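First the proteins, then the strands, lettered A, B, ... as listed; each starts at 1. These figures come from a predicted structure and were not determined experimentally.
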Amino acid sequence: MPTQPIPAPGSHAISIRNLKKSFGSNEVLKDISLEIEPGEVVCIIGPSGSGKSTLLRCVNLLEVPTSGTVLVGPDEVTHPDADLDRIRRRIGMVFQSFNLFPHLTVLENLTVAQIKVLKRRKEDAIATARLNLHRVGMSHKEDAYPGQLSGGQQQRVAIARSLSMEPQLMLFDEPTSALDPELVGEVLAVMKSLANEGMTMVIVTHEMAFAREVADRVVFMDGGYIVEQGLAQEVIGNPQEERTQSFLHRVLNPMVIDAAEVIEAEELSTA
Amino acid sequence: MSTQTTYPAAEVASPRLTRRQKARLSLGVQYALGIAVIGLLAFMTDWATFSAAFLRFDILERMLPRVILIGLVNTIIYAALAFVFAFVVGLLLAVMRLSSVAAYRWFAGAYVEFFRGVPALVVLFMVAYGIPNAFPGFQFPGDKYGMVMVGLGITAAAYMAETFRAGIQAVPKGQLEAARTLGMSHTRTMATIVIPQAFRVVIPPLTNEMILLVKDSSLVYVLGVTAAQYELTKFAQDFLNRSVNATPLIVAALCYLAITLPLSGLVRKLEARYAKAR
């Protein structure tokens, strides 16, 4: 991919070029280039430690890349003079651990940034908040505190909180990984309806069925590289690269791996 | 009260007690011992001599109402003023100590280490006399009250800075990230998201600081206060000298408790209220 011509700025929702990120001597991202188009839903899959979350966190500069550039719309996030607070308003982010503000009610969680950052009038902020709570099916809990909600409910509120800022794109960092299995569905359903509304979404996930159904494109990462990407059905249904095949085999058939295989893999990776 | 336990056969067969019975017996012995010791002490005490020295109601009557109107009120004022000063400065120091600017971190660290290590009495003295000497013509607003506010507050701020720092660091990093992701600036994030959460964590240790300040207000005597500025300890000492009797000390001690016990109660209420929003 690095050989592609550099496009005119602003034509992609996200444009990542030659991105590298190291933590100390540990190089987590090794030369990543990726474009995401407006309205596209992209799922990033891959084994743990492959750099998926780090890549996502470089998009809104929660992690500062070691080198390379990231553009969100026309704005270069990685530029030293970039106004991050302004750029971040347009990028919603949903975390694995929800990160709702525990000292604020559900409604206040949705209004606080609208009022303090977007300088909206309180009535307007509340109206927007209620609209988005309705979208995620949480209208009945607006006066509850996050601690009184289930994980699935908290994550739906977190999505509504991001939506209340009216972002141009949404980043999801393993949004269902911390949930009890029976609560995963309600969150995925909200994300699916969001995708159907045309929201640009980048989703780091282990939910292959969801990726296959909802994603326009699936990106498989391993060892800090993008190994393979393409239409969801192709990457998940008919992977070309061996690493993708073995990953999908492990994920989709967790019971067929025997101990000898695990030990062999361990030895190979440490050798 | 609770159940006579379980295995009747075993009970008959052996005199050995069940675990629960043993625990109850042990507790009963402890109570009995405690009551015996207290009873013995009460019996051995020469109440007449003791109360003549420490519990003279005629002296208490002479202390009223000024022990309340002057001593108690001034103690509360001194402690409250110093607390407000220490709260603001302490919070500022805590934020500085966690700043990304090295000079701020260094200053806050040095401040904390210095004022934690120097006796509060010395600091109070140096503030009250050192500052007016260093800056001729400088007058503390409120005179003695201003001196106490700064003089006691400076030391307390060092302790409170550490308390606040621990509270701020107890707020999960994800909270900061979520706020920044919503476009809040670092300052806005601290003010709206982090510090309000940190505040709940620090309420119990902050009560400690408040109670220590109430008692530290007894140091104010070094400033050569006038009779109208006496706090409890100075007031009691004064009375002690005049009446040649220790009753004033007991009265002062009770007055201190009259401040600190409601304070503890208030904190328990606050904690219970915040527990809901966890």
Give the intermediate values and the outcome of side chain to side chain contact (heavy atoms under 4.5 Å, CB included) for residues Lys52(A) and Glu174(A).
CA-CA 10 Å; Lys52(A) 316 178 293 285; Glu174(A) 301 198 24; 4.3 Å; yes

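- By the 4.0 Å N-to-carboxylate-O rule, Glu162(B) lies close enough to Arg97(B) to be salt-bridged with it.
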Walk me through whether Val77(A) and Leu71(A) qualify under side chain to side chain contact (heavy atoms under 4.5 Å, CB included).
CA-CA 6 Å; Val77(A) 183; Leu71(A) 274 80; over 6 Å; no

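- When the candidates Gln96(A), Arg161(A), Gln114(A), Arg90(A) are compared by the number of heavy-atom contacts under 4.5 Å with chain B, Arg161(A) comes out ahead.
- For chain B, no part of Leu61(A) is nearby; none of its heavy atoms comes within less than 4.5 Å.
- With a 4.5 angstrom heavy-atom cutoff, Arg180(B) touches chain A via backbone and side-chain atoms both.
- At distances below 3.5 Å, at least one donor-acceptor pair connects side-chain atoms of Glu108(A) with backbone N or O atoms of Thr105(A).
- Chosen from Leu62(A), Asp85(A), Leu171(A), the residue pairing most often with chain B at heavy-atom distances under 4.5 Å is Asp85(A).
- Using a 4.5 Å cut-off between non-hydrogen atoms, the part of residues 115-143 of chain A that approaches chain B consists of Lys116(A), Val117(A).
- Interface remark: Phe101(A) contributes backbone and side-chain atoms alike to the contact with chain B (heavy atom separation under 4.5 Å).
- Using a 4.5 Å cut-off between heavy atoms, Arg57(A) touches chain B through its side chain atoms alone.
- Of the two parts of Met93(A), the backbone and the side chain both hold a non-hydrogen atom closer than 4.5 Å to a non-hydrogen atom of chain B.
- Under the 30°/60° scheme for interplanar angles, the aromatic rings of Phe138(B) and Phe140(B) are found to stand perpendicular.
- A donor-acceptor contact closer than 3.5 angstrom links the side chains of Glu76(A) and Thr78(A).
- Taking a cutoff of 4.0 Å between a charged side-chain nitrogen and a carboxylate oxygen, Glu35(A) and Arg17(A) qualify as a salt bridge.
- Checked against a 6.0 Å centroid threshold, the rings of Phe87(B) and Phe164(B) count as neighbours.
- In terms of modelled atom types and a separation under 3.5 Å, the side chain of Ser22(A) and the main chain of Gly24(A) share no donor-acceptor contact.
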